Structures are given as C-alpha cells and as structure tokens.
Engineer: 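First the structure, then my questions, so here it is.
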Amino acid sequence: DGKSGVWDAVHIVEVRDSSNSNYVDFKLSSTIVLNVQVSPKGEQTELSAHLTRQAESRLDRRKKSGEDAQIMQVGSMIEDNENFLR
C-alpha cells in the first residue's frame, strides 16, 4: 500500500500553587513524535523524529482566580507550544 503518517503529542504540566503567594506557577513540557513512511513505488522514505519544548508561565490570582482560570492558562500554553513545534 504505502504512505503513512503519525503525529503524536504528549504534554506534562507541573503546577506550583502556594497558599502564601498571589501567584500560581506553571511549567509545561511538550514532546511531539513524528513518523512518516512512504514506499510502494516511492522507493522508500522513512522519517522519525521527536522534539521537546518547555515553557513556563505565572498566573496572578488577584486578577484571575479559580479552576477555570488555571485550565485556560494551561490550554493556552499547550496551544502555543504545539504551534511553535509545528
């Protein structure tokens, strides 16, 4: 048959939330795994790679608070990392 392609992404988030601080700190590690194959009559082509990027951010609880704010913060970080890795 031939042709194939895989793009997998794994995101790990570390959240540091201290009751003594007005800030919540986030650290994100994103890894993408890429695998491409071609062959039948493309006379081979195989490419595999992985790439990791880390990002950090801080949320000021005085401006935004609650679980929704933290979920939005993490979601934005993941989107930014994936766009960068593309």
Side-chain angles (χ1 to χ4, degrees):
D1 188 9
K3 298 183 185 176
S4 180
V6 176
W7 171 289
D8 282 329
V10 177
H11 306 282
I12 299 171
V13 180
E14 177 183 341
V15 180
R16 291 195 178 152
D17 188 1
S18 172
S19 59
N20 300 340
S21 172
N22 289 320
Y23 298 98
V24 180
D25 294 311
F26 300 88
K27 183 175 182 180
L28 172 68
S29 294
S30 297
T31 301
I32 56 123
V33 178
L34 174 67
N35 185 310
V36 177
Q37 299 171 344
V38 173
S39 228
K41 307 292 183 192
E43 295 313 311
Q44 288 195 327
T45 296
E46 201 172 301
L47 171 68
S48 294
H50 77 275
L51 181 61
T52 299
R53 179 173 191 241
Q54 294 184 328
E56 295 184 21
S57 71
R58 175 174 269 190
L59 178 67
D60 187 342
R61 278 190 246 201
R62 294 170 297 188
K63 295 180 182 176
K64 296 179 181 177
S65 64
E67 263 184 35
D68 289 350
Q70 291 187 25
I71 290 169
M72 290 182 350
Q73 183 81 12
V74 170
S76 293
M77 290 176 71
I78 289 172
E79 285 179 352
D80 292 346
N81 257 10
E82 282 229 358
N83 287 335
F84 178 83
L85 291 168
R86 284 188 190 135

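Nothing here was measured: the structure is a model prediction, and the numbers come from that model.
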Engineer: I need the full list of salt bridge (Lys or Arg N to Asp or Glu O under 4.0 Å) pairs touching residues 18-32, with sequence neighbours left out, sorted by first then second residue.
Structural biologist: Asp25-Arg58
Engineer: Minimum heavy-atom separation for Ser29 and Gln54, please, with both atom names.
Structural biologist: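 In terms of heavy atoms, the two residues are closest at OG-NE2, 3.1 Å.
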Engineer: Which ILVMFWY residues are connected to Tyr23, directly or by a chain of links, through side-chain heavy atoms under 4.5 Å apart?
Structural biologist: none
Engineer: Asp80: what forms a salt bridge (charged side-chain N to carboxylate O under 4.0 Å, His left out) with it, not counting sequence neighbours?
Structural biologist: none
Engineer: Would you tabulate the side-chain donor-acceptor contacts of residues 68-76 under 3.5 Å, counting partners in other chains and residues two or more places apart, or write 'none'?
Structural biologist:
from	atom 1	to	atom 2	distance (Å)
Gln73	NE2	Ser57	OG	2.9
Ser76	OG	Met72	O	3.1

Engineer: Side-chain heavy atoms under 4.5 angstrom apart, residues restricted to Ile, Leu, Val, Met, Phe, Trp, Tyr: same cluster for Leu59 and Val15?
Structural biologist: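 Yes, Leu59 connects to Val15 through the hydrophobic network.
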Engineer: Scan for salt bridge (Lys or Arg N to Asp or Glu O under 4.0 Å) pairs involving residues 28-39, sequence neighbours excluded, and state none if there are none.
Structural biologist: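 Residue pairs passing salt bridge (Lys or Arg N to Asp or Glu O under 4.0 Å), neighbours aside: none found.
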Engineer: Could you grab the distance from atom NZ of Lys63 to atom CG of Asn22, nearest 0.5 Å is fine?
Structural biologist: 11.0 Å
Engineer: Answer whether the closest heavy-atom distance between the side chains of Asp17 and Arg61 falls below 4.5 Å.
Structural biologist: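 Yes; the side chains approach each other to less than 4.5 Å.
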Engineer: Start with the C-alpha gap between Ile32 and Asp8, add the side-chain angles, then the distance that decides, and say whether side chain to side chain contact (heavy atoms under 4.5 Å, CB included) holds.
Structural biologist: CA-CA 6 Å; Ile32 56 123; Asp8 282 329; over 6 Å; no
Engineer: According to a 4.5 Å side-chain heavy-atom criterion applied to Ile, Leu, Val, Met, Phe, Trp and Tyr, with indirect links allowed, do Leu47 and Leu85 form part of one hydrophobic cluster?
Structural biologist: yes
Engineer: Holding to salt bridge (charged side-chain N to carboxylate O under 4.0 Å, His left out), I want the full list of residues that pass it with Arg53, two or more places apart in sequence or in another chain.
Structural biologist: none
Engineer: Measure the shortest side-chain to side-chain distance between Ile78 and Leu28 over non-hydrogen atoms and say whether it is less than 4.5 angstrom.
Structural biologist: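 Yes; the side chains approach each other to less than 4.5 Å.
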Engineer: Let's go through Phe26 and Glu56 carefully: what are the C-alpha distance in whole Å and the side-chain angles of both, what is the deciding distance for side chain to side chain contact (heavy atoms under 4.5 Å, CB included) to 0.1 Å, and is it a yes or a no?
Structural biologist: CA-CA 6 Å; Phe26 300 88; Glu56 295 184 21; over 6 Å; no
Engineer: Looking at His11 and Ser30, what are the two nearest heavy atoms and their distance?
Structural biologist: ND1-OG, 2.8 Å
Engineer: Side-chain heavy atoms under 4.5 angstrom apart, residues restricted to Ile, Leu, Val, Met, Phe, Trp, Tyr: same cluster for Met77 and Val10?
Structural biologist: no
Engineer: Where is the tightest heavy-atom contact between Ala9 and Glu82, given as atom of each residue plus distance?
Structural biologist: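 Minimum heavy-atom contact is CB-OE2, 3.0 Å.
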